Amino acid sequence: MYAQMVQSTGTLKTREEMDERERAFQDRIDAGEKIEPQDWMPEGYRKTLVRQIGQHAHSEIVGQLPEGNWITRAPTLERKAILLAKVQDEAGHGLYLYCAAETLGVSRDEMTEKLHDGEMKYSSIFNYPTLTWADIGAVGWLVDGAAIMNQVALQRTSYGPYSRAMVRICKEESFHQRQGYSIMMKMAAGTPEQKRMAQDALDRLWYPSLMMFGPSDAESVHSAQSMAWKIKVSTNDELRQKFVDQTVPQAEYLGLTIPDDKLAWNEEKGGYNFSEPDWQEFHDVLAGNGPCNADRMAARRTAWEDGAWYRDGLVAHANKRAAQRMAAE
Amino acid sequence: MSSEWPLWEVFIRGQHGLNHRHVGSLHAPDAEMAIKNARDVYTRRNEGVSIWVVPSNQITASVPSEKGPMFEPSKSKIYRHPTFYDIPDEVGHM
Amino acid sequence: MSALCEFALRMGDNTLILGHRVSEWCGHAPVLEEDIALANTALDLIGQTQMWLGLAGEAEGEGRTADDLAYKRDAWDFRNLLLVERPNGDFGQTLMRQFLFDAWHHPMLTWLAENSKDQRVAEIAEKAVREAAYHLERSSDLVIRLGDGTDESHRRMQDALAYHWTYTGEMFEADAIDRELADAGIAPDPAAMKPGWDALIGEVLAEATLSVPENDFAHKGGRRGQHTEHLGHILAAMQFLPRAYPDARW
């Protein structure tokens, strides 16, 4: 997902191992209460949340780049406006999420620097390139589709500011997946070249989209504590299965083929059987060896460093004005 | 490293004359720019007609863990709520 | 081509090309709030483009849509000011270009909304003028703040002003089409916009502690299709898909 492999700080404790405060905290979470910024919380809860919300926010920001890559080449004025509005929304979502993380005592600039240092991560999916216009459709359809699945669940997360950010984000995101699918419909029903682009986009982005949910639960060492704290509300495999089940009929409607020979309906489980992505590739991408890691980070660093004079200039002016106001009073 | 822009809390009044509602936060170098940024960030979908911004560090909050003594006394004062009273149907709407 | 069609192209090409330039920042602005604000400006400009080029197609009467005009003309048929095709440069150059344009665009739209004898022109201007008012408020405010900020921000804004200055005179030159439009009461005489622009620029730059350049040379040609080298590259990117796949619908 946008937050993959978030390391959970603190091992899962039994009730007996918890101290009184920890027990009271866990009781509140179990009762479905929201935890708010001024509440006492275990240090591990705070740290894990900062990591997860931060990673989620970074993903929104870095996620502007692959789609932004096509804003100047959108094929109609309307498509250009829609895409720009969508990428702008991603910036907004990053902003809401950073604010949620900031309530935990870490500043946005700090998190930004950590992203640039490589200390904090963002979703693996944004290290893949957008090579044709159909990729813009496929990103909306598949990547936003996968993200929404997780985000809808996260509206129920235990931390109040995170949950509220998710509510706002989900409300705004509802058009994102639809606009992606609408591009795919045009492409799939278009000229032979357009259809070829659409199939090619699905071929390249299918497995990276499946990777967004993170490794299989069996291997996901961080899940148990995060689930107990309701920082995570569904398991990786649950969400992945749901995503596949939702997406297969959509691909069929488009007349496109999901690049998986093993894909088959399984009556017994009431869902599709499907092939696992190449997890070695996933780990390579996370380690910095995806097709676009270096470019994405360079773009973010450049924006940040080249913008320093602008941010500083405005602070200097605000200080001057404040001093003038003080002097006048 | 540059100095970070302060954080502001944003309150917006929607179209229908309701109270200003907290919608989120943002960064800005001063109050005037916080208003402009709030307009661009939080009213992209025509959500509001009036914006307030407050420096986040100027908000004084009640302590949630003390919310028992703070809010529970009012729970017992059910007579403040209209549903407490039985009005005979014959009287009509009140 | 009628004067009305030519005028709509001039207005629409300005917003198209400037909107394109501004949209290049998306994902790369100095701070998140600014990224979002700039995208709003670009979105406004794209929306205005759809209206102006729609009108141009209608006035031309050959069945061309706004998209046909945006994506299927070559550089020599574009009628925008040279100023708007200037590269983004650093963020100061982008902001200064925006301010110099807004300071012309807003009064222009105000005039059109209030006075144009062509109802369609007045209606488009009526809608666009509210957006342009906010653009001007924002860009002038930022020019003031950055001009009177740090030494570095001051220097960059002064450099940006010098960089764009000789491309501002073109806004006020008049040709036969402008005279026809002015006589018909459709659009103002471009020169008549100059005193107001000078006053506004003077006021904002003074507050920004920036000095008005003394060079009064003006590069011209955009409004009759003679552009800088930059426009061809903008169009190469912008028009790539519809040109590479002329039979496709998107």
Side-chain angles (χ1 to χ4, degrees), chain A residues 57 60-81 83-85 87-92 94-95 98 108 112 132-133 183 186-187 189-191 193-194 197 299-300 302-321, chain C residues 16 19-40 42-43 46-47 49-50 53-54 65-67 70-71 90-92 95 142 144-157 208 234 236-242 244-245 247-250:
Chain A
E60 299 280 358
I61 301 309
V62 180
Q64 287 185 276
L65 300 172
E67 287 179 284
N69 181 36
W70 280 90
I71 290 173
T72 57
R73 291 179 290 169
T76 70
L77 293 169
E78 189 183 62
R79 288 285 180 207
K80 192 203 283 277
L83 180 59
L84 181 55
V87 181
Q88 182 197 39
D89 272 352
E90 315 291 3
L95 189 148
Y98 282 127
R108 187 168 90 190
T112 302
T132 74
W133 175 250
I183 292 177
K186 278 270 195 240
M187 300 296 280
T191 64
E193 290 108 326
Q194 282 178 301
M197 281 186 224
R300 288 311 310 159
T302 303
W304 184 245
E305 285 159 17
D306 289 359
W309 72 269
Y310 168 88
R311 298 189 300 274
D312 291 346
L314 293 182
V315 170
H317 184 83
N319 290 342
K320 283 183 196 178
R321 275 196 192 178
Chain C
L16 172 63
H20 183 97
R21 277 294 192 220
V22 176
S23 78
E24 290 174 11
W25 276 104
C26 187
H28 305 273
V31 74
L32 261 181
E33 285 80 359
E34 187 61 44
D35 211 300
I36 294 167
L38 272 183
N40 278 341
L43 284 169
I46 296 167
T49 303
Q50 288 172 303
L53 294 188
T65 64
D67 279 339
Y71 291 93
D90 71 0
F91 205 71
L95 277 178
L142 286 170
I144 290 168
R145 287 166 180 271
L146 291 165
D148 186 19
T150 60
D151 289 347
E152 183 182 1
S153 70
H154 177 85
R155 174 183 61 73
R156 283 178 184 265
M157 295 313 279
I234 292 176
M238 187 172 86
Q239 300 179 336
F240 151 67
L241 278 174
Y245 304 98
D247 301 329
R249 306 185 65 80
W250 307 97

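Remember, it's a predicted structure, so these values are computed and weren't measured experimentally. In the text below, chain A, chain B and the rest are named by the order of the sequence lines, each starting its count at 1. The figures that follow rest on heavy atoms only: side chains count, while hydrogens, waters and symmetry mates do not.
- When ring centroids are compared, Trp309(A) and Phe91(C) stay outside the 6.0 Å threshold.
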List the steps, then state whether side-chain contact (heavy atoms from CB on, under 4.5 Å) holds for Leu241(C) with Tyr71(C). CA-CA 9 Å; Leu241(C) 278 174; Tyr71(C) 291 93; over 6 Å; no
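- The greatest number of non-hydrogen atom pairs below 4.5 Å with chain C, out of Arg321(A), Glu78(A), Arg300(A), is found for Arg321(A).
- Between chain C and the residues Pro75(A), Gly313(A), Gly94(A), Ala299(A), the most heavy-atom pairs under 4.5 angstrom are made by Pro75(A).
- Note that the CG atom of Asn319(A) and the OG1 atom of Thr150(C) stand 11.5 Å from one another [nearest 0.5 Å].
- Going from atom CD1 of Ile71(A) over to atom OG of Ser23(C) covers 6.0 Å, rounded to the nearest 0.5 Å.
- Heavy atoms of Leu32(C) lying under 4.5 Å from chain A belong to its backbone as well as its side chain.
- To the nearest 0.5 Å, atom SG of residue Cys26(C) and atom CG of residue Asn69(A) are 11.5 Å apart.
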Could you walk me through whether Trp70(A) and Val87(A) pass side-chain contact (heavy atoms from CB on, under 4.5 Å), step by step? CA-CA 10 Å; Trp70(A) 280 90; Val87(A) 181; over 6 Å; no
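- Annotation: maximal heavy-atom pairing with chain C below 4.5 Å, among Glu90(A), Glu305(A), Met197(A), occurs at Met197(A).
- For Arg249(C), the CZ atom counts as loosely surrounded, since its 6.0 Å shell holds 12 or fewer non-hydrogen atoms of other residues, nucleotides or ligands.
- For Ile234(C), no part lies under 4.5 angstrom from a heavy atom of chain A.
- Interface remark: Arg156(C) contributes side-chain atoms only to the contact with chain A (heavy atom separation under 4.5 Å).
- Comparing Ala81(A), Gly63(A), Gly68(A) by heavy-atom pairs within less than 4.5 Å of chain C, the highest count is held by Ala81(A).
- Across Thr191(A), Asp306(A), Leu84(A), Leu77(A), the residue that shares the most heavy-atom pairs under 4.5 angstrom with chain C is Leu77(A).
- Residue contact with chain A, scored on non-hydrogen atoms closer than 4.5 Å, involves the backbone and the side chain of Asn40(C) alike.
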One pair to check against side-chain contact (heavy atoms from CB on, under 4.5 Å): Trp133(A) and Gln194(A). What are the steps and the verdict? CA-CA 9 Å; Trp133(A) 175 250; Gln194(A) 282 178 301; over 6 Å; no
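- Using a distance-only test at 3.5 Å, with no hydrogens or angles considered, a donor-acceptor pair links the side chain of His154(C) to the main chain of Gly147(C).
- For chain C, the nearby part of Arg79(A) is the side chain; its heavy atoms alone come within less than 4.5 Å.
- Here Ser153(C) contributes atom OG and Leu142(C) contributes atom CG; the two are 11.0 Å apart, rounded to the nearest 0.5 Å.
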Go through Trp304(A) and Arg311(A) one step at a time and tell me if the side-chain contact (heavy atoms from CB on, under 4.5 Å) criterion holds. CA-CA 10 Å; Trp304(A) 184 245; Arg311(A) 298 189 300 274; 3.4 Å; yes
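- Both the backbone and the side chain of Ala248(C) come within contact range of chain A, with heavy atoms under 4.5 Å apart.
- Interface remark: Phe240(C) contributes side-chain atoms only to the contact with chain A (heavy atom separation under 4.5 Å).
- Contact of Leu16(C) with chain A is made through the side chain alone, with heavy-atom distances under 4.5 Å.
- Using a 4.5 Å cut-off between heavy atoms, Ile61(A) contacts chain C through its side chain alone, with no backbone atom that close.
- The part of Glu34(C) that comes within reach of chain A is its side chain, from C-beta onward, which places non-hydrogen atoms under 4.5 angstrom from that chain.
- Ranking Gln239(C), Arg21(C), Glu33(C), Met157(C) against chain A, the residue ahead of the rest is Glu33(C), based on heavy-atom pairs under 4.5 Å.
- Note: His28(C) NE2 to Trp25(C) CH2 = 9.0 Å, rounded to the nearest 0.5 Å.
- In this structure, chain C has heavy atoms under 4.5 Å from both the backbone and the side chain of Leu95(A).
- Proximity to chain A (any heavy atom under 4.5 Å) is restricted, for Asp35(C), to the side chain, taken from C-beta onward.
- Annotation: maximal heavy-atom pairing with chain C below 4.5 Å, among Gln64(A), Gln88(A), Lys186(A), occurs at Gln88(A).
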